[in-house]
Amino acid sequence: MGITDALHAVADYLLSWVKLIQNREIGWLTINRKTGEYMREQQPLSKKLKLLLLFNPLTTWLDTTHAMRLYLHSSAIKEGKKEATSASRTRIKQFVDFYQINMDDFEPFDINAYSTFEDFFTRHHKPGSRPIHEPDDPSSAVVVADSRVVVYEAVAESKKIWIKGEDFSITNLVMDKKLGPQFGDGPVASFRLSPQDYHRYHSPVSGRVTVYRSMPGDYYEVDPLAIRSGVDILTRNARDYVVIETEEFGKVLFVAIGASQVGTVEINEKWQKPGAEIKKGDELGIFQFGGSSIIVAFQNGRIQFDEDLIEPSKNAVAIDVEVGMSLGRAVPKGKNQ
């Protein structure tokens with residue numbers, strides 16, 4: 001390559017970033033599952049720069065007291081509270097325009113029908129906009145949220161590639177030394193929701209709720225830059241979880257984890273009672289304003305994730321998915337053991 005070709009290559013690269021910034025496509029690299037195209041998540045440039053500042057080895061080394069993160073955490077909580085005020089409704093149009101949200105997928109579709117930004121944030125899908133994959137087949141698991149997902153066949157693999165918190169384990173996530181080991185080194189799916197996403201979440205499987213627990217905590221960022229740093233985000237943030245007993249998958253652990261600016265992490269009341277029957281696709285609960293994360297863990301050898309989700313995840317590339325899409329299929333107990 002001559003010097004002229006090299007200069008053209010540099011110019012093309014810089015111009016591509018100008019275009020990405022104009023389209024707000026400066027977040028983490030993902031794959032659109034519907035089209036197979038690589039893309040970058042829409043994100044404000046200011047947030048990208050903040051994340052780069054906070055979650056890097058130098059800041060982690062310097063900020064031993066976590067003072068900087070605690071300050072931003074407190075600021076995020078204050079901002080989240082503002083979203084429930086009537087004045088916040090003026091933000092809705094700007095937010096929809098910035099993230100190019102298709103309101104035809106939601107009910108009500110008219111942004112003027114929402115009295116606060118919080119009401120808009122917890123909007124409902126329009127019936128039929130998110131069909132459930134094979135709704136009558138309990139051996140098929142489904143995606144739990146409009147989100148970006150990575151899947152791993154073992155917790156150890158997820159720690160090696162994606163979740164870099166030093167103290168992350170299923171036992172630390174649920175704070176239960178009896179429950180955690182039941183999922184040992186089983187398969188795990190990590191869903192990450194951005195502020196522009198629909199923030200209600202749904203059951204991946206059909207079965208019976210046997211355990212419910214709500215745990216207070218912090219609300220730190222769950223962006224990949226944070227999760228893939230050495231900071232223990234997922235085991236420090238506020239979270240609710242349930243265990244669902246199924247015939248096809250055995251026990252399934254669903255953990256809803258709050259993040260920056262989230263006002264609530266809440267499992268719906270009817271699923272807080274042990275013995276409640278739930279079907280895949282049923283709404284499990286909601287997050288209020290902010291980014292959020294969900295961990296779904298399966299017992300060892302009980303699910304085969306879809307292949308188009310596995311391969312990108314091995315390269316730390318998340319897949320853009322929607323509620324109700326296929327996640328994987330049950331593996332009969334003992335088949336792979």
Side-chain angles (χ1 to χ4, degrees), residues 24 27 41-44 46-48 50-51 72-127 129-130 143-149 191-203 214 216-223 226 233 237-240 254-269 271 281-294 320-324:
R24 288 87 173 179
E41 181 184 353
Q42 290 182 309
Q43 191 176 73
S46 59
K47 181 176 180 179
K48 180 74 169 183
K50 182 186 78 172
L51 290 166
L72 289 170
H73 165 69
S74 298
S75 299
I77 293 295
K78 291 178 181 178
E79 183 178 347
K81 290 180 179 179
K82 294 178 182 177
E83 308 310 330
T85 65
S86 57
S88 67
R89 66 180 303 180
T90 59
R91 286 194 54 203
I92 298 175
K93 185 180 186 306
Q94 179 185 8
F95 191 87
V96 170
D97 291 343
F98 184 95
Y99 289 110
Q100 301 170 13
I101 297 172
N102 180 11
M103 290 303 296
D104 288 339
D105 285 348
F106 300 98
E107 192 174 68
F109 69 89
D110 183 0
I111 61 173
N112 295 313
Y114 298 96
S115 58
T116 67
F117 190 89
E118 183 177 89
D119 290 339
F120 163 75
F121 188 76
T122 56
R123 62 196 180 275
H124 290 268
H125 277 142
K126 183 171 66 177
S129 65
R130 297 294 187 273
V143 167
V144 302
D146 287 2
S147 57
R148 283 135 294 280
V149 65
F191 301 87
R192 182 175 57 84
L193 290 70
S194 294
Q196 66 267 32
D197 290 322
Y198 162 84
H199 264 67
R200 295 174 183 269
Y201 43 87
H202 299 250
S203 178
S214 180
D218 298 322
Y219 293 95
Y220 292 109
E221 291 278 1
V222 292
D223 185 271
I233 300 293
N237 280 10
R239 53 203 183 273
D240 279 15
F254 182 107
V255 188
I257 305 166
S260 60
Q261 300 163 309
V262 169
T264 298
V265 183
E266 183 178 303
I267 300 290
N268 293 344
E269 186 175 354
W271 311 126
D282 282 349
E283 183 188 303
L284 256 174
I286 64 170
F287 293 115
Q288 288 181 343
F289 182 66
S292 329
S293 185
I294 295 167
D320 277 283
V321 291
E322 294 179 350
V323 169

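Heavy-atom basis, side chains included; hydrogens, waters and symmetry copies ignored. For reference, positions follow the sequence shown, starting with 1.
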>> Ile101 vs Phe95, test: side chain to side chain contact (heavy atoms under 4.5 Å, CB included). Steps then yes/no.
In response: CA-CA 8 Å; Ile101 297 172; Phe95 191 87; 3.8 Å; yes
>> Walk me through whether Asp197 and Phe287 qualify under side chain to side chain contact (heavy atoms under 4.5 Å, CB included).
In response: CA-CA 11 Å; Asp197 290 322; Phe287 293 115; over 6 Å; no
>> For Ile111 and Val96: C-alpha separation, side-chain torsions, deciding distance, then whether side chain to side chain contact (heavy atoms under 4.5 Å, CB included) applies.
In response: CA-CA 9 Å; Ile111 61 173; Val96 170; 4.1 Å; yes
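Of all heavy-atom pairs spanning Ile286 and Thr122, the tightest one is CD1-CG2, 4.3 Å. Here the shortest heavy-atom pairing between Tyr198 and His202 reads OH-NE2, 2.8 Å. Heavy atoms only, all atoms of each residue included: Phe117 and Arg91 are closest at CD1-CB, 3.9 Å. The shortest non-hydrogen separation linking Phe191 to Ser147 is CD2-OG, 3.4 Å. Heavy-atom minimum distance, Ile294 versus Ala145: CD1-CB, 4.2 Å. A pairwise comparison of heavy atoms in Arg123 and Tyr114 identifies CB-OH, 3.5 Å as the closest pair.
A distance of 10.0 Å separates CZ of Phe109 from CD of Glu107, quoted to the nearest 0.5 Å. Rounding to the nearest 0.5 Å gives a distance of 13.0 Å between CZ of Arg200 and CG of Leu193. Rounded to the nearest 0.5 Å, atoms CZ (Phe98) and NZ (Lys93) are 14.0 Å apart. One finds the CG atom of Asp320 at 8.5 Å from the OG atom of Ser194 (value rounded to the nearest 0.5 Å). Expressed to the nearest 0.5 Å, how far CZ of Arg89 lies from OG1 of Thr116 amounts to 9.0 Å. Distance check: Asp119 CG to Ser86 OG gives 11.0 Å after rounding to the nearest 0.5 Å.
Remark: Ile267 engages Tyr201, Tyr212, Asp240, Val242, Trp271, Gln272, Leu284 in a side-chain contact (heavy atoms from CB on, under 4.5 Å) (not counting sequence neighbours).
The main-chain N or O of Ile257 is never found under 3.5 Å from a side-chain atom of Ser293 such that the two would form a donor-acceptor pair. With Ser292 contributing its side chain and Arg192 its backbone, the two residues share no donor-acceptor pair below 3.5 Å.
Between His124 and Phe106, the distance separating the two ring centers is not shorter than 6.0 angstrom.
A tilted orientation is assigned to the rings of His199 and Phe121, their planes being inclined by 30° to 60°.
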